[in-house]
Amino acid sequence: MQSNTQSYQFSHDFFAIKTASAAEFAHDFDIQTIDSDHVFWLNFHGLQEKESIELICQKIGFDKLSIEGIFAPLRRAKVEEYPRYLFFQLHTLPNGCQDAEQTEQITFALGAHFLLSFQNKAGQHFGEVRERIEKSKGKIRNQGADFLLFRLLDTLLDELFQFTTQVSDEIDRIDQRIHTHMQADLLRAIEKQKRQLIGLRKVVQPIKDLLAALESMDNNLIAKENKHYYKNLRNSCVSLLEDIDAHKQILEGLANLYYAVQGQRMNEIMKVLTVVSSIFIPLTFIVGVYGMNFKYMPELSYRYGYYTVVGIMFAIGLGLLIFFVRRGWLKRD
């Protein structure tokens, strides 16, 4: 299966798009054709055409370790400096992902006038950036490859913010269900969202560390006047981490509320059972007394003894019930 590869070459008053397979790009690619007056962006949607991708990287002059890193599973986000380019990798969430435990690896290589991005899964993460280039929105066509990289990273963070919004909406639904319809699956729903937030934190924290490294790095490939953009991205990561921690605290509160409500309901059930038991205890005592098989019990020969005992039992039960109602013990909270 061929991967879909797309290139953009643009400047203030010009842009060109080419979509082809990695093999076609590898056959025609020449590093000398990258004009210093233009920004060249090459994005790979998938890494199936390994040999062709390796050939393109070799033509650009990538280090062997960098080429191997593109295809190797990433344990944690990293950034590496090379004489002609910056190489770094991170994890993000696939497009439309509903599970933060399913991450996607993305690799970037930033040069003086070029940027390569490698997605190990086919997905449209950067549609907004493409639209900005094609319609000349903002100042992306007036900036260099480092600003393009900022825009790509900003798009990835926006997707993570959208995921936290989905988690927040689900938390609101869980909160509403706790106060309306207590169901057995509520606790599972709470734990599921907590796992989503834990997985999301594992994605965001390394990105924050990577952005801090890019911000503090003294490298000409990132212009000093653009350093503040990366600082803004790092601040966005901090805000995202704060949102994650806040949502986790809310979920922990909802879990405690769930147990409290369950405990309250159990208390109400026990209260009703206790009241019923309290009513029947004296009645059971009376029945037990007159159930004894003694020959000489004075009341046994009484003509209206049965009706008298039943009346007394009814009066005791009704009296206790009225007593409990007046004390408010049968009132449901």
Quick one, Phe40 with Leu115, criterion side-chain contact (heavy atoms from CB on, under 4.5 Å). Give me CA distance, side-chain angles, the key distance, then yes/no.
CA-CA 6 Å; Phe40 179 75; Leu115 176 65; over 6 Å; no

Chi angles and distances behind the side-chain hydrogen bond (donor to acceptor under 3.5 Å, both in side chains) call for Glu242, Ser239
CA-CA 5 Å; Glu242 291 174 351; Ser239 299; 4.8 Å; no

Start with the C-alpha distance between Leu90 and Leu153, add both sets of side-chain angles, then the distance that settles side-chain contact (heavy atoms from CB on, under 4.5 Å), and finish with yes or no.
CA-CA 10 Å; Leu90 52 85; Leu153 294 174; 3.8 Å; yes

Run the numbers on Asn120 and Phe44 for side-chain contact (heavy atoms from CB on, under 4.5 Å), then give the verdict.
CA-CA 8 Å; Asn120 67 341; Phe44 297 89; over 6 Å; no

Run the numbers on Tyr8 and Val129 for side-chain contact (heavy atoms from CB on, under 4.5 Å), then give the verdict.
CA-CA 11 Å; Tyr8 275 81; Val129 178; over 6 Å; no

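Residues passing the ring-ring contact (aromatic ring centres under 6.0 Å, His included) test with Phe108 are Phe88, sequence neighbours excluded.
Rounding to the nearest 0.5 Å gives a distance of 10.0 Å between CZ of Phe150 and CG of Leu211. Of the inter-residue distances, the one linking Leu156 atom CG with Phe126 atom CZ reads 4.5 Å to the nearest 0.5 angstrom. Atom CG in Asp158 sits 15.5 Å away from atom CZ in Phe163 (nearest 0.5 Å). In this structure, CG in Asn226 is found 12.5 Å from CG in Leu214, a value given to the nearest 0.5 Å. Rounding to the nearest 0.5 Å places CD1 of Ile207 at 14.5 Å from NZ of Lys202. Interatomic distance, Leu197 CG to Leu241 CG, rounded to the nearest 0.5 Å: 11.5 Å.
Annotation: Lys227, atom NZ; neighbour count of heavy atoms from other residues, nucleotides and ligands within 6.0 Å is above 12. Counting heavy-atom neighbours within 6.0 Å of Phe15 CZ, excluding the residue itself, gives a total above 12. Other residues, nucleotides and ligands place more than 12 heavy atoms under 6.0 Å from the CZ atom of Phe161. Counting heavy atoms of neighbouring residues, nucleotides and ligands inside a 6.0 Å radius, atom OH of Tyr306 does not exceed 12 of them. Other residues, nucleotides and ligands place no more than 12 heavy atoms under 6.0 Å from the NE2 atom of His12.
Looking at heavy atoms from C-beta onward, Leu320 lies in side-chain contact with Pro282 at the 4.5 angstrom threshold. Taking 4.5 Å as the limit, every side-chain heavy atom of Leu93 sits out of range of all side-chain heavy atoms of Glu159. Inter-residue side-chain proximity for Gln6 and Trp41 is flagged as unmet; no heavy-atom pair is nearer than 4.5 Å. Under the 4.5 Å side-chain criterion, counting only non-hydrogen atoms from C-beta, Thr103 is not in contact with Thr92. When side chains are defined from C-beta on, Lys194 counts as touching Glu191, because their heavy atoms get closer than 4.5 Å. Two residues are said to be in side-chain contact when any heavy atoms from C-beta on lie closer than 4.5 Å; Ser7 and Phe25 meet this criterion.
Checked by atom type and distance alone, the side chain of Arg141 pairs as donor or acceptor with a backbone atom of Ile133 at under 3.5 Å. A donor-acceptor distance shorter than 3.5 angstrom exists from the side chain of Gln196 to the backbone of Ala100, with no hydrogens or angles considered. Of the possible polar contacts, one joining the Gln105 side chain to the Leu74 backbone as a donor-acceptor pair under 3.5 Å is found. Formation of a donor-acceptor pair under 3.5 Å by the Ser278 side chain with backbone atoms of Thr274 is found in this model. Put simply, the side chain of Arg265 never gets that close to the backbone of Ala260: no donor and acceptor are under 3.5 Å apart. Between the side chain of Ser66 and the backbone N or O of Phe62 there is no donor-acceptor pair closer than 3.5 Å. Put simply, the side chain of Glu49 gets close to the backbone of Ala23: a donor and an acceptor are under 3.5 Å apart.
Ring geometry for Tyr85 against Phe87 counts as perpendicular: the plane angle is over 60°, on a 0 to 90° scale with 30° as the lower cut.
There is a side-chain donor-acceptor pair under 3.5 Å between Glu104 and His125. Neither side chain, Gln162 nor Thr165, offers a donor N or O lying under 3.5 Å from an acceptor on the other. Donor-acceptor pairing under 3.5 Å is lacking for the side chains of Ser11 and Asp37.
Chaining together hydrophobic side chains whose heavy atoms lie under 4.5 Å apart leaves Phe14 on its own. Counting Ile, Leu, Val, Met, Phe, Trp and Tyr side chains that sit under 4.5 Å apart, directly or through other members, Ile269 shares a hydrophobic cluster with Met266, Met270, Leu273.
Contact check on Arg173 versus Glu170 returns a salt bridge, with a Lys/Arg side-chain nitrogen under 4.0 Å from an Asp/Glu carboxylate oxygen. Salt bridge Arg132/Glu128: present, at least one basic N to carboxylate O contact under 4.0 Å. Ion pairing between Glu80 and Lys78 holds under the 4.0 Å rule for side-chain N and carboxylate O. Asp243 and Lys248 are not joined by a salt bridge, as no carboxylate oxygen comes within less than 4.0 angstrom of a charged side-chain nitrogen. Between Asp209 and Arg76 a salt bridge is recorded (basic side-chain N to carboxylate O distance below 4.0 Å).
Residues Val79 and Leu233 share a single hydrophobic cluster, defined by chaining ILVMFWY side chains whose heavy atoms lie under 4.5 Å apart. Using a 4.5 Å cut-off between side-chain heavy atoms of Ile, Leu, Val, Met, Phe, Trp and Tyr, with links allowed through other members, Val287 and Val276 fall into the same hydrophobic cluster.
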